[in-house]
Amino acid sequence: MNFPFLRSAIVAAVVGLAAAPVAAADITGAGATFPYPIYAKWAAAYKTETGNGLNYQSIGSGGGVKQIKANTVTFGATDAPLKADELATAGLAQWPMVIGGIVPVVNLEGISDGQLTLDGPTLANIFLGSVKTWDDPAIQKLNPGLKLPATAIAIVHRSDGSGTTFNFTNYLSKISPDWKAKVGEATAVEWPAGIGAKGNEGVANNVIQTKGAIGYVEYAYAKQNKMTTTKLVNHAGTAVTPTVPSFQAAAANADWAHAPGYYQILTDQPGAQSWPITAATFILMQKQPTDAAAAGEALKFFSWAFNKGAKAAEDLDYIPLPEPLIKLVRATWAADIKGPDGKALIN
Amino acid sequence: MVDVALEDVPSAKAQDKLRVLNWLRLQDKSFHFITMGAALTVLLILGGVIASLVIGSIPALSTFGFAFFTTEKWNPVTEQFGALAPIYGTLVTAAIAMLIAAPIGIGVAIFLTELCPVPLRRPVGIAIELLAGIPSIIYGIWGLFVLAPFLQKYVQPALIDASANIPVLSSLFAGPPYGIGILTAGFILAIMVLPFVASISRDVFETVPAVLKEAAYGCGCTTWEVIHAIVIPYTRVGVIGGVMLGLGRALGETMAVTFVIGNAHRISESLLAPGTTISASIANEFTEAVGDLYTSSLIALGLILFLITFIILAIARYLLMRLERQAGS
């Protein structure tokens, strides 16, 4: 029996397999699920441009932190930034990579996108379970012109640990002493009320299906599912709509330069335009990476993403970092991440 | 020379034989050791799993002690963990599943072995086995997008209305119809374990000697009487074993349950309220569990599930073993 075609195909495949790793120095990263779509998109574009691939595993922020501490990946990604002392002990550098917004979504008959206004304390009381119906005086007071139904409020929250929950509960803790005392902030908390759903898509789906429901999702999910978002009253006292400029305003108004390790949680930021639950997602890298070549490649990738990735980010409803912040991050790379010869890996 | 040669030939032959025999014995011995090694691997893996679960759960169990099993609190912020809510959810959803799946599964098996027209037997039997082969994530998606909205719209409001004035039922079926919750999880599990119960029951029903049944029919028994008085008593233990195996699966099922149970670490009186199970909690929280105590508590949950499943399966095995002995004698 002779299969010349098959044989040449096998030979080609084997050669291809053998050749692939040589052609591309693959960068490995692991961590947060929230930025996965944009990292994947950047990686694909970067690969066509430079031939270098990026292997990003979205295993969750907690996993990303563990892996970079164990030095099994080139970079880790986390939605909840590490504090400066934790960074110092682990010998890690940290910087924000891209920004997203977290928005409350509701399912109320007769209420369309952007009509309903909530403020922080009311939002906290809803999720505490103490505001039980939509026609509650607290909500009515914020929406004088709106006719609110007497429907019971069905709360939907994340069941899996997530950076989204971290930023959302961080906001509620900042704004409501009651929430801070009873629940607190973390990637997973003990929810006083409501049902848990897995992932942004789970929360979105449950809110869409349940009359009277309220939940919180990443802006992209609200937009792509055409969900009813609410306005929120921000730190300056203005009711803002969740849009790309309002997320960017929150990021621009934050005091990055004086935050060691860029430990800055973008909730409840000052500024009349700032959306109050904005969140940055962070990259972690070893300051003295054992594989300097791979680390250098990773930094080149991030640099490329800052230079050319803004459009792709906006297409996926992520918000690119403001220009002054990018400058700060580049300075951090040059100062902190060094090869074995003590020289910076990127300029 | 000749004598020597004559003497040597048989001894050489004997040595040859001995060599062959030795070789065969060596072959047998090495075969014995290789298979024994394979068997030991299983024990080694099992022991390794138990050991790592125990070691992993030591921080949680030593911090919370016995209270870990009896408290409902599950607070990652203050690092207070108790396993009662997931244990409760696991047992209740499994119980609901078995209450639904056991009678239906046994009914299917009786129909297939006693009543079904012969040409229909194979297609129905194959359909049941296909049902068993559907990956659980598909049940989960179907449960979330199809079953939950259906229950929310039609079944749950009806249950709430119908039981409104009945003392115990009114608290069992109370609260807003979310669509997802303990009851929905029980339904999904029932559908998932049904094929197990049905196919095992069918197999044990087929072990009933035809003579017994023919004798009963000969005495003028109806089909109902034959099943009630001959088939069920003869196979009781085996059917219970099959149900137990289904129960084992219901206890450990993860993805489908995670989708529809509502994932709240609370114990509610109402079956319509959200709850959680051991495996759903682990699947939900393990990736983002920060801090040793949190991780260790999740591992301790795993250990509890392991013990529950182990006990259930041991009982099932024991019952099935008794059936085999009974059939042998």
Side-chain angles (χ1 to χ4, degrees), chain A residues 30-33 57-66 78-80 82 86 132 151-166 169 173 179-199 201-203 205-206 208-213, chain B residues 72-82 85 137 140-141 144-146 148-153 156 175-182 184 254-255 257-266 268 272-277 280-292 294-295 297-298:
Chain A
T33 48
Q57 300 165 342
S58 58
I59 56 171
S61 298
V65 172
K66 273 178 206 149
T78 176
D79 290 336
L82 300 186
E86 197 178 350
K132 288 184 192 316
T151 327
I153 301 178
I155 297 151
V156 186
H157 55 75
R158 288 285 289 270
S159 62
D160 45 339
S162 109
T164 316
T165 300
F166 169 78
T169 53
S173 296
W179 180 274
K180 192 172 181 160
K182 284 184 188 155
V183 184
E185 56 177 288
T187 51
V189 298
E190 186 178 35
W191 295 95
I195 55 174
K198 198 163 163 48
E201 60 284 1
V203 172
N205 182 62
N206 274 297
I208 289 168
Q209 276 178 9
T210 314
K211 285 266 171 298
Chain B
E72 192 189 327
K73 199 159 185 57
W74 186 271
N75 190 335
V77 181
T78 58
E79 299 213 305
Q80 288 293 315
F81 299 105
I137 189 91
I141 293 173
L144 182 61
F145 286 100
V146 182
F150 174 78
L151 291 177
Q152 185 182 20
K153 248 184 216 150
Q156 295 188 345
Y178 278 121
I180 58 184
I182 297 261
T184 313
T254 310
M255 279 331 287
V257 173
T258 309
F259 270 79
V260 297
I261 196 164
N263 304 303
H265 277 277
R266 281 191 296 275
S268 317
L272 306 184
T276 188
T277 67
S281 298
I282 297 174
N284 267 318
E285 296 172 39
F286 208 81
T287 45
E288 295 279 348
V290 280
D292 293 338
Y294 195 0
T295 319
S297 298
L298 288 169

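Each chain gets a letter, A, B and so on, in the order the sequences are listed, and its residues count up from 1. Just so it is clear, the values below take in all heavy atoms, side chains as well, and ignore hydrogens, waters and symmetry mates.
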Novice: Please check if the side chain of B:Asn263 supplies one atom and the backbone of B:Thr258 the other of a donor-acceptor pair under 3.5 Å.
Specialist: yes
Novice: Test of understanding: with side-chain hydrogen bond (donor to acceptor under 3.5 Å, both in side chains), list the residues that count as partners of A:Glu86, not counting sequence neighbours.
Specialist: A:Lys69
Novice: Checking heavy atoms, do the side chain of A:Thr210, its backbone, both or neither come under 4.5 Å from chain B?
Specialist: both
Novice: Is it the case that the side chain of B:Gln156 and the backbone of B:Gly179 share a donor-acceptor pair, with hydrogens and angles ignored and the cut-off at 3.5 Å?
Specialist: yes
Novice: Please determine, among A:Thr187, A:Asn205, A:Val65, the option with the most heavy-atom pairs under 4.5 Å with chain B.
Specialist: A:Asn205
Novice: Checking A:Ser162 against chain B: side chain, backbone, both or neither under 4.5 Å from a heavy atom?
Specialist: backbone
Novice: Taking every heavy-atom pair that is under 4.5 Å apart, which of B:Ala283, B:Ala264, B:Ser281, B:Pro274 has the most such pairs with chain A?
Specialist: B:Pro274
Novice: Contact part of B:Lys153 toward chain A, heavy-atom cut-off under 4.5 Å: side chain, backbone, both or neither?
Specialist: neither
Novice: Please report the shortest heavy-atom distance between A:Ala30 and A:Ile59, naming the atom on each side.
Specialist: CB-CD1, 3.9 Å
Novice: For B:Glu72 and B:Arg266, which heavy atoms make the closest approach, and how far apart are they?
Specialist: OE2-CA, 3.4 Å
Novice: Give the member of A:Ser61, A:Gly184, A:Ala32 that has the highest number of heavy-atom pairs under 4.5 Å with chain B.
Specialist: A:Ser61
Novice: Sort A:Ile208 into side chain, backbone, both or neither according to what part of it lies under 4.5 angstrom from a heavy atom of chain B.
Specialist: neither
Novice: Classify the angle between the aromatic ring planes of B:Trp74 and B:Phe81 as parallel (below 30°), tilted (30 to 60°) or perpendicular (above 60°).
Specialist: perpendicular
Novice: What part of B:Phe145 is in contact with chain A, defined as an atom under 4.5 angstrom from a non-hydrogen atom: side chain, backbone, both or neither?
Specialist: both
Novice: Please state whether the side chain, the backbone, both or neither of A:Val183 comes within less than 4.5 Å of a heavy atom of chain B.
Specialist: backbone
Novice: Could you report the tightest heavy-atom contact between A:Ser159 and B:Asn284, atom names first, then the distance?
Specialist: OG-OD1, 2.9 Å
Novice: For the candidates B:Val260, B:Ile261, B:Leu144, which exhibits the highest count of non-hydrogen atom pairs separated by less than 4.5 Å from chain A?
Specialist: B:Leu144
Novice: My understanding is that only residues two or more places apart in sequence, or in another chain, count here; which of them pass side-chain hydrogen bond (donor to acceptor under 3.5 Å, both in side chains) with B:Tyr178?
Specialist: none
Novice: Which one of A:Ala152, A:Gly202, A:Gly194 has the most heavy-atom pairs closer than 4.5 Å to chain B?
Specialist: A:Gly194
Novice: Who among A:Ala197, A:Gly199, A:Ala80, A:Gly196 has the most heavy-atom pairs with chain B under 4.5 Å?
Specialist: A:Gly196
